Amino acid sequence: MSNYFLPTLKETPSEAQIVSHRLMLRAGMVRQSAAGIYSWLPLGLRALRKIEAIVRDEQAKAGAIEMLMPTLQSADIWRESGRYEDYGKEMLRITDRHGRDLLYGPTNEELITQIFRDNVVSYKDLPKNLYHIQWKFRDEIRPRFGVMRGREFLMKDGYSFDVDEASARVSYYKMFIAYLRSFRRMGLKAMPVAADTGPIGGELSHEFIILADTGESEVFCHSDILNLPVPEADYDGDLGPTIESFTQYYARSDEMHDADMFAQQVPAEKQLTARGIEVGHIFYFGQKYSTAMNAQVAGPDGKDTPVHGGSYGIGVSRLVGGIIEASHDEDGIIWPWAVAPFHVGLINLKPGHEGCDALCESLFETLSQNGLDVLYDDRDDRAGAKFSTMDLIGLPWQAVIGPRGAEGGEVEIKNRATGEKHVLVLDAAIALLSSSPDSAK
RNA sequence: CGGGGCUUGGCGCAGUCUGGUAGCGCACCUGGUUUGGGACCAGGGGGUCGCAGGUUCGAGUCCUGCAGCCCCGACCA
């Protein structure tokens with residue numbers, strides 16, 4: 001850590017209003033560069049990458065294929081879909097040296113549709129679900145809340161292509177399940193709420209909301225939906241009943257909310273009105289883009305038909321803030337194991353002390369070999385300062401080695417979430433640290 | 001885009017009303033004493049006071065314009 005870059009702050013910068021923003025600044029995860037635009041410092045980047053990894057894993061299980069599209073797009077394809085004008089001022093428009101119109105992509109329906117139509121011509125190639133994790137830019141009227149509503153943000157966006165609506169529904173269901181699983185693995189309880197489908201209509205649009213008082217979305221739901229088991233990653237067979245187990249309950253965003261229906265369908269003691277953070281959004285948009293942009297495949301009958309599309313977004317950078325909103329205390333962040341930038345914070349209370357140094361290095365080596373990410377605090381500083389820093393950055397385990405215990409080869413292990421401490425000999429400490437402490441909660 | 005607020009060293013702030021040669025805490029550097037929950041003493045470095053004009057013998061302070069940032073609302077991963 002003496003060689004690391006982790007600029008923590010004792011005092012809270014005045015611009016940060018919500019707890020996740022304050023903690024991200026104080027813990028040295030991000031620094032603001034302009035309104036709604038952030039640099040990700042090493043610690044923040046590690047959390048971001050952990051979230052990406054979970055998303056990738058669950059996308060792969062659900063059959064989605066990763067690719068990467070550019071941040072800059074040509075205006076031409078957006079003129080084709082009709083959204084170049086429609087998108088308005090939220091789209092950042094750029095002109096290159098030749099006077100050609102470009103834009104910093106706020107989303108990628110047009111680009112993926114272009115790629116698809118140029119390369120897929122038969123129903124035999126369907127279904128396809130392609131995604132990427134890329135920075136987006138939306139020139140928000142009012143960015144706020146740190147990375148929760150930035151103008152530049154990292155999003156996983158995926159697009160499915162199917163030959164008909166029935167098949168598109170299956171693609172949608174797969175993402176529905178993959179999203180539930182992804183958020184749960186990040187230590188979050190995300191609930192799917194019926195969302196506005198816009199001009200397309202239908203019931204196939206859901207937002208995934210995690211509850212938080214500082215959230216910008218208001219939701220109305222049956223409280224049982226929060227405690228449903230998360231489905232297995234089994235995507236064969238009929239997914240309908242699994243989806244139904246969620247959609248049978250009333251759960252709607254404020255623009256879809258119907259007070260009478262809510263009162264009728266949900267017993268009073270189960271009615272939950274709460275604020276939340278939208279961390280994912282999936283929807284089926286039918287043939288909207290494929291028709292506008294002529295993305296057709298030949299069916300079994302040899303006739304061309306526009307493909308049925310869906311799109312699926314996860315706010316990756318927003319999740320970093322969202323997870324902190326959901327998991328912190330007055331001392332700092334409490335990272336869930338799966339997304340923690342490091343698993344273990346190793347504190348050497350007395351660098352330079354032979355016994356402490358040797359024990360720390362031994363522990364560091366063994367834990368690293370066991371595949372754990374360890375942040376080693378070997379700074380020459382007071383114990384209190386080290387404890388405070390470690391609590392602030394919120395790694396799941398803290399391993400403290402000082403002259404007191406070093407003689408007997410003892411390590412003090414602290415669980416950041418519960419505050420529980422155990423004094424253990426090296427081998428026992430290694431065994432404990434190698435396990436996720438989340439189950440203790 | 002409407003309403004409100006802010007801008008003074010890396011961070012948090014005072015000073016602006018009433019113009020007179022820029023200050024406090026934290027952080028940083030040096031030395032010493034300390035050392036298991038953000039130590040103490042002494043010394044030290046660092047600021048075109050957001051930018052541009054103007055008023056004045058003199059502007060952080062007064063006037064005009066502009067910019068950046070934050071908060072509340074309508075829009076969004």
Side-chain angles (χ1 to χ4, degrees), chain A residues 7-18 21-22 25-26 28 31-37 51 55 87-91 105-108 131 133-158 179 183 190 195-196 198 205-210 215-217 253-255 276-283 311-322 331-332 347-353 356 377 379-392 398 400-406 410-412 414 419 421 423:
Chain A
T8 57
L9 302 173
K10 214 161 164 181
E11 289 173 285
T12 304
S14 58
E15 79 264 16
Q17 296 299 314
I18 64 166
H21 190 196
R22 285 201 291 260
L25 290 168
R26 289 194 54 212
R31 286 294 181 264
Q32 182 167 331
S33 149
I37 301 176
I51 292 168
V55 169
Y87 221 93
K89 290 188 167 178
E90 234 174 77
M91 180 186 281
T107 179
N108 285 62
Y131 78 97
I133 297 176
Q134 177 64 291
W135 293 93
K136 305 291 186 290
F137 194 93
R138 293 183 190 175
D139 201 355
E140 297 277 347
I141 297 168
R142 186 155 92 82
R144 64 187 123 170
F145 302 149
V147 301
M148 304 268 281
R149 174 163 301 288
R151 291 194 293 173
E152 189 185 46
F153 58 96
L154 188 62
M155 180 165 89
K156 171 264 162 180
D157 47 322
Y179 275 35
F183 297 129
D196 195 2
S205 177
H206 288 87
E207 290 177 3
F208 290 80
I209 305 281
I210 56 173
E216 293 187 85
S217 316
S253 63
D254 52 354
E255 65 261 29
I277 300 162
E278 181 183 352
V279 290
H281 195 165
I282 61 179
F283 52 95
S311 74
Y312 314 92
I314 292 179
V316 176
S317 50
R318 174 182 285 182
L319 273 164
V320 179
D331 294 324
I347 296 177
N348 186 342
L349 283 180
K350 203 171 174 69
H353 180 283
C356 291
D377 188 349
R379 296 173 304 168
D380 183 17
D381 209 337
R382 300 177 66 83
K386 296 187 180 192
F387 292 139
S388 297
T389 298
M390 215 46 99
D391 285 347
L392 174 63
Q398 294 171 17
V400 181
I401 290 176
R404 209 193 271 165
E410 284 176 344
V411 184
E412 183 180 291
K414 176 178 157 185
K421 294 176 184 174
V423 176

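Predicted model only: the values in this text are computed from it and were never measured. Order of the sequence lines fixes the chain letters, A, B, ..., with proteins taken first and strands second; residue numbering starts at 1 for each chain.
Nucleotides B:rC51 and B:rU7, compared at atom C1', are 11 Å apart to the nearest Å. When the C1' atom is compared between B:rC69 and B:rG54, the two are found 26 Å apart, to the nearest whole Å. Taking atom C1' on both nucleotides, B:rA67 is separated from B:rG31 by 45 Å, rounded to a whole Å. Taking atom C1' in both B:rA14 and B:rU61, the straight-line distance is 13 Å, to the nearest Å. With P as the reference atom, B:rC66 and B:rC1 are 13 Å apart, rounded to whole Å. Spacing of C1' atoms, B:rG9 relative to B:rG50, comes out at 15 Å, to the nearest Å.
Atom CD1 in A:I209 sits roughly 10 Å away from atom P in B:rA77 (whole-Å rounding). A:Y87 has its OH atom 7 Å from the P atom of B:rA77, to the nearest Å. Here B:rG38 presents its P atom at 13 Å from CD1 of A:I347, a figure rounded to the nearest Å. In this structure, A:L349 atom CG and B:rA39 atom C1' are separated by 15 Å, rounded to whole Å. Look at CD on A:E15: it is 12 Å from C1' on B:rC6, rounded to the nearest Å. A:R31 has its CZ atom 9 Å from the P atom of B:rC11, to the nearest Å. The separation between A:I133 atom CD1 and B:rA77 atom P is 18 Å, rounded to whole Å. Distance CD (A:E140) to P (B:rC1): 15 Å, rounded to an integer number of Å.
Taking the nucleotide of RNA chain B with the nearest heavy atom to each of A:D381 and A:M148, the more 5' of the two is matched to A:D381.
Residue contacts for A:G150: at a heavy-atom cut-off of 4.0 Å it reaches a base atom on one of the strands shown. Backbone-only engagement by A:V279 is indicated by non-hydrogen atom pairs under 4.0 Å involving sugar-phosphate atoms exclusively. Within the nucleic acid shown, A:R151 has no heavy atom closer than 4.0 Å to any nucleic acid atom. Residue A:T12 is classed as a sugar-phosphate contact, given heavy-atom separations below 4.0 Å to backbone atoms only. Residue A:G313 is out of contact with every strand shown, counting any heavy-atom pair closer than 4.0 Å. Residue-level contact check: A:Q17 touches the backbone only, with heavy atoms under 4.0 Å from sugar-phosphate atoms and none from bases. Nucleic acid contact for A:K89: sugar-phosphate only, since backbone atoms but no base atoms lie under 4.0 Å from a heavy atom of the residue. Backbone-only contact: A:A383 has heavy atoms under 4.0 Å from sugar-phosphate atoms and none from a base. At the heavy-atom level, A:A34 lies under 4.0 Å from the strands shown only through sugar-phosphate atoms. Residue-level contact check: A:E207 touches neither bases nor backbone, having no heavy atom under 4.0 Å from any strand.
For the OP1/OP2 pair of B:rG12 and a distance below 4.0 Å, the side-chain nitrogens and oxygens of A:S14 include at least one atom meeting the criterion. Applying the 4.0 Å criterion to OP1 and OP2 of B:rG12, one finds that A:K10 has every side-chain N and O outside that range. OP1 or OP2 of B:rC71 lies within a sub-4.0 Å distance of a side-chain N or O belonging to A:R142. Phosphate contact (OP1/OP2 of B:rA39, side-chain N/O of A:R382, threshold under 4.0 Å): present. Distances shown here put a side-chain N or O of A:R144 below 4.0 Å from the OP1 or OP2 atom of B:rG73. Considering only side-chain N and O atoms, A:Q32 lies nowhere under 4.0 angstrom from the phosphate OP1 or OP2 of B:rG68.
For A:D381 and A:K386, the salt-bridge test fails: no basic side-chain N is under 4.0 Å from an acidic carboxylate O. A salt bridge links A:K414 with A:D391: the closest approach of a Lys/Arg side-chain nitrogen to an acidic carboxylate oxygen falls below 4.0 angstrom. Looking at A:R144 and A:E216, a side-chain N of the basic residue comes within less than 4.0 Å of a carboxylate O on the acidic one, giving a salt bridge.
Taking the six-membered ring wherever Trp is involved, the centroid distance between the rings of A:H206 and A:F208 does not fall below 6.0 Å.
Here A:F153 lies parallel enough and close enough to stack on the base of B:rA77, with planes under 30° and ring centres under 5.5 Å apart.
Here B:rA74 is the nucleotide among B:rG36, B:rC69, B:rA74 with the atom lying nearest to any side-chain atom of A:I141. Distance from the side chain of A:P13 is smallest for B:rC11 among the nucleotides B:rC75, B:rG38, B:rC11. Residue A:F145 has its side chain nearest to B:rC72 when only B:rC72, B:rG25, B:rG38 are considered. The side chain of A:E11 lies closest to B:rC26 when the candidates are B:rC26, B:rC75, B:rG36.
Judged by distance alone, with hydrogens and angles left aside, A:D391 brings a side-chain donor or acceptor within reach of the base of B:rG37, the pair sitting under 3.5 Å.
Between the side chains of A:H281 and A:S205, a donor-acceptor pair is found at a separation under 3.5 Å.
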